[in-house]
Amino acid sequence: MFPIPVQRDFSLRHLNTFGIDAKAAVYLPVDDVDTLLAVKNDKELSMLPRLVLGGGSNLLLTQDFAGLVLHMRGAGMRIVNEDEDFVYVTAAAGENWHRFVQWSLDLGLGGLENLSLIPGSVGAAPIQNIGAYGVEVKDRFHSLTAFDFIDGKTFTLGNAACRFAYRDSIFKQELRDRAVVLDVTFALPKQWQANMNYADVMQELSPRQITVPSPRDIAGAVIAIRTRKLPDPAQIGNAGSFFKNPIVPAQQRESLLAQHPQLVSYAQPDGGYKLAAGWLIDQCGWKGRSLGAAGVYEKQALVLVNKGGASGREIAALAQAIQADVQAKFGVKLEPEPVFI
Ligand code: EPU
């Protein structure tokens, strides 16, 4: 095996979108599967706890990481196949998600436009089944290849096997700490149809007098909404929505509605209701407030921000204070979306 070019005590500040200055005991950029195999076969490195890093956009570093950070950097995007119904495109895990979406749109392929401007990498997208404006990765996902740290082999998983759910998949469950995504294949429909179910997207398009939108038009609308509502991590450290929208039984939603007629909720296929966590947090008066250098974004209460030099612990303390207030006022438990280290 070749010498593995690890770096020690490596600052992760520029590798997490919160911009938190924590260190990795050992850091290794990964450009191909051979590097992963070398890690697996290395006596010292294989024993260390592992953190696989993509764009670092779903991560809260509350302390230094006393293990090995594998930074996925593999690049490449290509059309791999097509049949009557779909064009299949594959991108390497290290590709930037937004760049990949724009590449597919430049080729005239629709399907991913609603997912424009989501920070992060292609490899991370299926792990938490990213979603926005009525579309989730699972709706376009075909398959992926991943490296298995237990047997050192590469394997392929199809859509059903990934067990996608709201911001969840098998990679956050059974395959956590075991599989490393190498590349992802999407099936983009030839009979493309606009998904404008989300009111914000409709509202964005109507003043532009776009009645029959193209994938590019939808992408433009989504980019405009996101730019307005969500902070740019390059300017203000954040990890997008900090909490998942909680899903509650119909009965609980009804009693909440009786007390709070303005409650924002969406019916789920299983009979439950998804509540807008941003609304719950907003109602507790947290929007725009701070605790030390950790703040709640003034335009969207679901987003926690680093106001400058915040530690991960400060962000976590703010998150806890918000959770306690939402629990006390509404009896609802908010679960964080990012992974805590
Ligand atoms: N709301 C408030 N106050 C706030 C924020 C929201 O009252 O401060 C209300 C809004 O008025 C709206 C409702 O809550 O009625 C929902 O807000 P919004 O449409 O902005 O979406 P969200 O539920 O806050 C989710 C995703 C986002 C995704 C958007 C659009 C989650 C956890 N978040 O946010 O995803 O972009 O829908 O589809 O599901 C992410 O996961 O990082 C993310 C940004």
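Atoms within each ligand, like the ligands themselves, are counted from 1 in listed order. Numbering of residues begins at 1 and proceeds along the displayed sequence.
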How close does the nearest protein non-hydrogen atom get to atom 44 (C) of ligand 1, and which residue and atom is it? Ser241 OG, 3.3 Å

Residue and atom name of the nearest protein heavy atom (relative to atom 3 (N) of ligand 1), distance in Å to one decimal: Asp282 OD2, 2.7 Å

Interfacing atoms of ligand 1 (cut-off 4.0 Å, heavy-atom, Gly240): 42 (O)

Can you see whether Ser11 engages Asp21 through a side-chain donor-acceptor pair at a distance of less than 3.5 angstrom? yes

Donor-acceptor pair between Gln102 and Arg216 side chains, under 3.5 angstrom: yes

At a 4.0 Å threshold, what atoms of ligand 1 neighbour a non-hydrogen atom of Tyr198? 18 (P), 19 (O), 21 (O), 29 (C), 30 (C), 37 (O), 38 (O)

Which atoms of ligand 1 are found less than 4.0 Å from any heavy atom of Phe243? 32 (C)

Using only heavy-atom distances, determine whether the side chains of Thr62 and Arg313 contain a donor-acceptor pair under 3.5 Å. no

With heavy atoms of Ala301 as the reference, note each atom of ligand 1 found under 4.0 Å away. 4 (C), 5 (C), 8 (O)

Any non-hydrogen protein atom less than 4.0 Å away from atom 41 (O) of ligand 1: yes

Using a strict 4.0 Å threshold on nitrogen-to-oxygen distance, state whether Glu298 and Lys307 make a salt bridge. no

What atoms of ligand 1 come closer than 4.0 angstrom to any heavy atom of Lys287? 3 (N), 4 (C), 8 (O)

Considering only non-hydrogen protein atoms, determine which one is nearest to atom 23 (O) of ligand 1 and report residue, atom name and distance to 0.1 Å. Asn245 ND2, 2.9 Å

Less than 6.0 Å separating the ring centroids of Phe155 and Phe147? no

Please check if any side-chain donor atom of Asp85 sits under 3.5 Å from a side-chain acceptor atom of Gln191, or the reverse. no

Are Thr145 and Asp183 linked by a side-chain donor-acceptor pair shorter than 3.5 Å? yes

Under-4.0 Å salt bridge between Asp200 and Arg226: no

Heavy-atom contacts under 4.0 Å between Tyr166 and ligand 1: side chain, backbone, both, or neither? side chain

Verify the ring-centre separation between His142 and Phe86: is it less than 6.0 angstrom? no

Within 45° cone of Phe171 ring axis and under 6.0 Å: Arg176 NZ or CZ: no

Would you verify that at least one protein heavy atom lies under 4.0 Å from atom 32 (C) of ligand 1, or report that none does? yes

For atom 15 (O) of ligand 1, find the nearest protein heavy atom and state the residue, atom name and distance (0.1 Å precision). Val264 CG1, 3.6 Å

Would you indicate which of Trp279, Tyr266, Trp286, Phe242 comes nearest to atom 12 (C) of ligand 1 when only heavy atoms are counted? Tyr266

for atom 5 (C) of ligand 1, nearest protein heavy atom and its distance come out as Gln300 OE1, 2.8 Å

Any idea which atoms of ligand 1 are less than 4.0 Å away from a heavy-atom of Arg226? 36 (O), 44 (C)

Please state whether Gln283 comes within less than 4.0 angstrom of ligand 1, counting heavy atoms only. no

Would you say the ring centers of Phe141 and Phe164 fall short of 6.0 Å from each other? yes

Name the option, out of Glu136, Glu337, Glu335, Arg167, that contains the heavy atom nearest to atom 35 (O) of ligand 1. Arg167

